[in-house]
Amino acid sequence: MLIRFVLVFLFCTRVATGAVEPLTDAEALWLQQHRDSLRVGIAEVPPQQAYLNAQGQLEGLAIEYLDAVEHALGIKFERVLLSSYGEMMGQARARKIDLVYAASRTPGREQFLSFTSPYNYVSNNIFVRKGDEQNNNLTYFSDKSFAVTSGTAVAEYVSENYPSIKLVPAHSSREAFNLLAAGQVDGVGATAASAYKHVFEAGLPNITLVGPLGYDYAISLGARNDWPVLTRILQKGLDSLPPAQVEAIEQRWNRPADKARVDLERIKDSLTWLLTAVALVIAAGLFWWNRSLKREIRQRCEAESQLSFLAYHDATTGLLNRPGFLQALDKAHKTQQPYALVLLGLDQFRIKNELWGQHIGNELLRHLAQRLAAFLPAHMTVARLGGDEFAVLFPVADLPQDGMLNQLVREVRRPMVLADRSVQVVSATCGVVVIERPLERAELALQQVEVALKHAKGNQRGGFLRYDVSMGQNDIQDQLWKEQLALAIEHDQLFLEYQPQLDLHKHKVVGFEALVRWQHPERGRVAPCDFIPLAERTGLISALGDWVLKTACYQAARWRNQGLDFEYVAVNVSVRQFADADFARKVMAVLAETGLPASALELEITETLFMGEDEDVRNTLDELSAQGIRFSIDDFGTGFSSLLYLKQLPVETLKLAQEFVLDLADNSSSLQIVNAATRLGHSLGMRVIAEGVEGEDVEHILQGLNCDMVQGFLYSRPVNPSQVSAEWLQELGWRCEAMAQQAEYVASTE
Ligand code: C2E
Ligand code: MG
Ligand code: MG
């Protein structure tokens with residue numbers, strides 16, 4: 001009892017000046033009961049976070065935080081030094097240690113750890129060999145090898161989000177850089193500080209930093225998640241650290257200051273040597289030596305400050321990057337005052353960037369950065385968080401009103417004249433969040449404004465939307481759905497239905513469109529419009545698309561073997577599948593495996609595929625077309641196809657978007673669009689198919705417009721393959737013929 005009182009007293013005296021909650025009686029008691037048995041896992045993460053110094057003692061930023069928290073709580077954890085970060089995580093998972101000293105929160109780790117709020121942010125970058133600078137984004141590493149330290153959050157991030165990258169787990173970042181220098185991997189993901197340590201100091205001259213990796217560490221203390229009380233205690237320990245102490249730790253470590261120390265030691269060593277040698281060498285030699293030493297120091301300082309700048313700034317615009325912004329956000333959070341965040345997302349910038357070329361896109365981003373900086377008061381923090389997103393932090397005195405937000409959106413939309421004299425216009429959509437009361441973690445504010453932006457983009461581009469709590473639900477859903485969809489592929493919850501496509505001239509079924517369905521064990525049937533976009537966003541589309549292609553080809557081959565009379569099966573292919581360099585080979589392998597002839601497969605692609613003028617896409621199309629596979633452009637009219645492209649492409653069929661077909665009989669502009677698109681298709685030598693034919697009046701109009709083929713509920717809904725038989729096909733053909741005759745009769749009597 002007495003010891004518990006002493007613990008609480010000790011802690012309270014430390015937090016007496018701040019607004020930090022003291023330990024509750026229960027927490028103090030728990031801490032007292034466990035104080036002699038808590039084991040913290042530590043793995044060396046040089047040069048900043050933790051390393052063994054020449055005296056064999058641990059030092060580093062994370063170690064200082066650990067010391068400070070121990071001191072604040074009046075406890076000393078048993079330190080278990082592990083040989084690698086991967087081993088540390090393994091021990092935490094096996095509950096052989098109770099907490100880890102430095103770790104980012106990831107879904108994988110949350111299975112066995114829970115985390116305090118982050119105490120430090122560090123950005124990750126991509127490193128390549130000189131000459132490979134074009135590989136400045138993870139998307140370029142598809143099918144290439146990429147080394148990261150095993151067990152780290154960045155390893156989990158890359159394997160989760162870029163499954164096509166060949167991830168090479170390294171024991172340490174030193175090993176990763178050695179592999180890169182030796183040409184055994186194509187890239188490395190690491191922090192700038194560790195690169196400094198391994199690349200510059202180890203003298204690997206052929207390595208360079210090319211850009212941010214897209215995932216940054218937000219470093220927290222992590223404790224075993226079956227002891228939530230321990231995380232609460234650690235959080236209170238962290239919260240109780242006086243700002244001056246935190247500032248001192250940051251000052252000491254947040255720049256790669258160990259380099260400066262290394263330099264100082266060198267200077268000291270060199271000067272000692274110089275003093276002994278001064279009696280022996282002439283003054284000129286001394287002068288020359290001193291000068292070259294200074295030059296080396298200067299070069300090292302420059303490299304150091306450049307790396308430090310890169311770690312917190314965006315290389316394209318010079319604005320703060322995500323980690324830099326998170327630090328500013330953290331400061332705003334700690335003031336406990338209200339603040340606001342605005343997140344600007346440029347509309348369709350990715351597509352425009354591909355059309356204009358990256359150099360124009362980058363110049364535009366730089367212009368925009370200058371424009372924002374000029375428009376907003378100087379004390380506001382402006383950052384580019386990556387891609388097409390800019391963020392602004394508004395302090396309590398300047399919380400943004402609607403009028404100001406409208407002006408901001410207008411300011412972005414003003415045309416800009418670029419160096420090549422072209423005039424470009426981009427519009428932006430904004431998410432806005434005002435944080436009235438402190439959140440649990442500063443990062444939550446960023447998550448909320450990201451959600452607001454997503455909703456704003458969904459509602460109406462070119463405007464702004466303020467966050468409200470009901471919006472967050474969807475994102476949590478998104479994560480749940482993603483995990484469940486991955487399981488659905490493994491657990492056979494997906495199946496295909498087939499919808500017939502009929503030829504209006506021959507009056508018969510010529511093909512089937514394969515449409516994927518998901519039978520969820522609890523939620524019942526989920527519509528593809530609800531899970532295909534999710535699969536595209538998360539990369540699951542690759543596995544899902546492979547499964548659809550193979551299943552549809554097997555089914556079509558089976559029908560052909562049964563003697564059914566039809567020409568092809570049509571399979572929807574999303575842009576992300578097509579972007580896979582291996583796609584053509586995969587398709588040919590499926591045909592070989594299933595025995596379906598290439599001429600019996602049609603791939604439905606969308607117009608967005610041609611927006612990037614991408615040579616690889618063009619090559620894949622040509623390669624597959626040369627093998628005899630046909631292509632149709634799905635939902636024609638809803639994207640934006642350049643007529644020029646259409647002319648050059650090996651596409652046989654234009655598939656009119658059902659938006660125009662559904663109301664064809666009642667909407668004169670739909671009629672005009674369908675009429676024009678049908679003529680366009682015919683003039684380019686293509687067949688035209690209308691999908692979404694629900695009524696006989698629509699069929700009659702399509703006959704009159706000389707449309708070649710139809711698909712829709714009027715003939716058949718998508719059906720289970722077991723329903724397809726020779727009799728069924730024949731009946732559909734007859735119905736189609738009867739309707740055509742009726743249409744002719746109506747036309748002749750009008
Ligand atoms: P889509 O490729 O344009 O497919 C046609 C959609 O229109 C299908 O919806 C079909 O059931 C529906 N439909 C057909 N006739 C009519 C009609 O007369 N009236 C109405 N109101 N609708 C009709 P579904 O099956 O919900 O698929 C929606 C979208 O999901 C598809 O549009 C396609 O973009 C995507 N999708 C479906 N299966 C796959 C797949 O295997 N891979 C990929 N990448 N996307 C798929
Ligand atoms: Mg389709
Ligand atoms: Mg369609």
Side-chain angles (χ1 to χ4, degrees), residues 122-148 152-168 176-177 180 185-192 195 207-217 307 310-325 345-346 348-366 368-369 383-391 536-539 541-542 575-583 608-609 611-617:
V122 185
S123 76
N124 276 296
N125 294 289
I126 300 174
F127 296 83
V128 295
R129 281 186 297 281
K130 285 183 181 159
D132 287 344
E133 283 87 350
Q134 72 282 4
N135 295 335
N136 59 1
N137 187 304
L138 279 187
T139 49
Y140 298 128
F141 284 90
S142 190
D143 287 330
K144 295 197 178 116
S145 50
F146 193 78
V148 291
T152 54
V154 76
E156 191 175 322
Y157 169 79
V158 176
S159 70
E160 179 105 330
N161 293 284
Y162 296 89
S164 56
I165 294 180
K166 290 179 202 146
L167 198 64
V168 178
F177 282 112
L180 181 62
V185 295
D186 300 305
V188 162
T191 65
I207 289 177
T208 183
L209 182 157
V210 283
L213 181 138
Y215 175 86
D216 299 312
Y217 291 132
L307 277 172
L310 270 174
Y312 292 104
H313 290 81
D314 166 44
T316 308
T317 60
L319 294 177
L320 285 179
N321 62 10
R322 199 177 183 89
F325 190 72
L346 304 185
Q348 299 190 313
F349 181 73
R350 197 181 56 76
I351 295 170
K352 289 177 176 168
N353 196 25
E354 284 174 13
L355 286 173
W356 296 332
Q358 206 177 359
H359 63 291
I360 301 273
N362 283 349
E363 196 187 340
L364 190 135
L365 289 172
R366 277 191 290 275
L368 206 58
R384 178 176 172 227
L385 300 191
D388 57 8
E389 283 184 358
F390 290 84
E536 284 173 341
R537 276 202 306 279
T538 54
I541 193 69
S542 172
V575 177
R576 273 195 76 162
Q577 284 174 269
F578 225 90
D580 179 353
D582 218 20
F583 183 66
T608 30
L609 197 63
M611 286 185 184
E613 259 182 273
D614 189 335
E615 190 130 332
D616 292 343
V617 167

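None of the values given here were measured: they were computed from a predicted structure.
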What closest approach, in Å, do [X] and [Y] show between heavy atoms, and which atom pair accounts for it?
{"X": "Gly189", "Y": "Val148", "answer": "O-CG1, 3.7 Å"}
{"X": "Ala383", "Y": "Asn321", "answer": "CB-O, 4.4 Å"}
{"X": "Ala153", "Y": "Tyr215", "answer": "CB-OH, 3.3 Å"}
{"X": "Ser123", "Y": "Asp216", "answer": "CA-OD1, 3.0 Å"}
{"X": "Ala190", "Y": "Phe127", "answer": "O-CE1, 3.4 Å"}
{"X": "Val185", "Y": "Arg129", "answer": "O-NH1, 2.7 Å"}

Nearest 0.5 angstrom please: [X] [atom1] to [Y] [atom2], how far?
{"X": "Arg366", "Y": "Leu368", "atom1": "CZ", "atom2": "CG", "result": "12.0 Å"}
{"X": "Thr191", "Y": "Tyr217", "atom1": "OG1", "atom2": "OH", "result": "7.5 Å"}
{"X": "Asp143", "Y": "Lys166", "atom1": "CG", "atom2": "NZ", "result": "5.5 Å"}
{"X": "Glu389", "Y": "Leu346", "atom1": "CD", "atom2": "CG", "result": "9.0 Å"}
{"X": "Thr316", "Y": "Leu365", "atom1": "OG1", "atom2": "CG", "result": "6.5 Å"}
{"X": "Ile541", "Y": "Glu536", "atom1": "CD1", "atom2": "CD", "result": "5.0 Å"}

Indicate yes or no: at least one non-hydrogen side-chain atom of [X] is less than 4.5 angstrom from one of [Y].
{"X": "Asn124", "Y": "Tyr157", "value": "no"}
{"X": "His313", "Y": "Leu319", "value": "no"}
{"X": "Leu213", "Y": "Phe146", "value": "yes"}
{"X": "Val158", "Y": "Phe141", "value": "no"}
{"X": "Ile126", "Y": "Asn136", "value": "no"}

Report task. Please determine which of Thr139, Leu138, Asp132 meets the side-chain contact (heavy atoms from CB on, under 4.5 Å) test together with Asn135. Result ->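 Option passing the side-chain contact (heavy atoms from CB on, under 4.5 Å) with Asn135: Asp132.
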Query - Sequence-distant partners of Asp580, side-chain hydrogen bond (donor to acceptor under 3.5 Å, both in side chains), two or more places apart - result: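 With neighbours one apart ignored, the set is Lys586.
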Query raised in the report: Is the backbone of Gly131 close enough, under 3.5 Å, to the side chain of Glu133 for a donor and an acceptor to pair up by distance?
Result: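 Yes, because the side chain of Glu133 sits within donor-acceptor range (under 3.5 Å) of the backbone of Gly131.
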Requested in this report: Verify the distance criterion only: is there a donor paired with an acceptor across the side chains of Asp186 and Ser145 at less than 3.5 Å?
Outcome: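 A donor-acceptor contact under 3.5 Å links the two side chains.
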Query raised in the report: Given Tyr162 and Leu167, is the side-chain contact (heavy atoms from CB on, under 4.5 Å) satisfied, shown in steps?
Result: CA-CA 9 Å; Tyr162 296 89; Leu167 198 64; over 6 Å; no
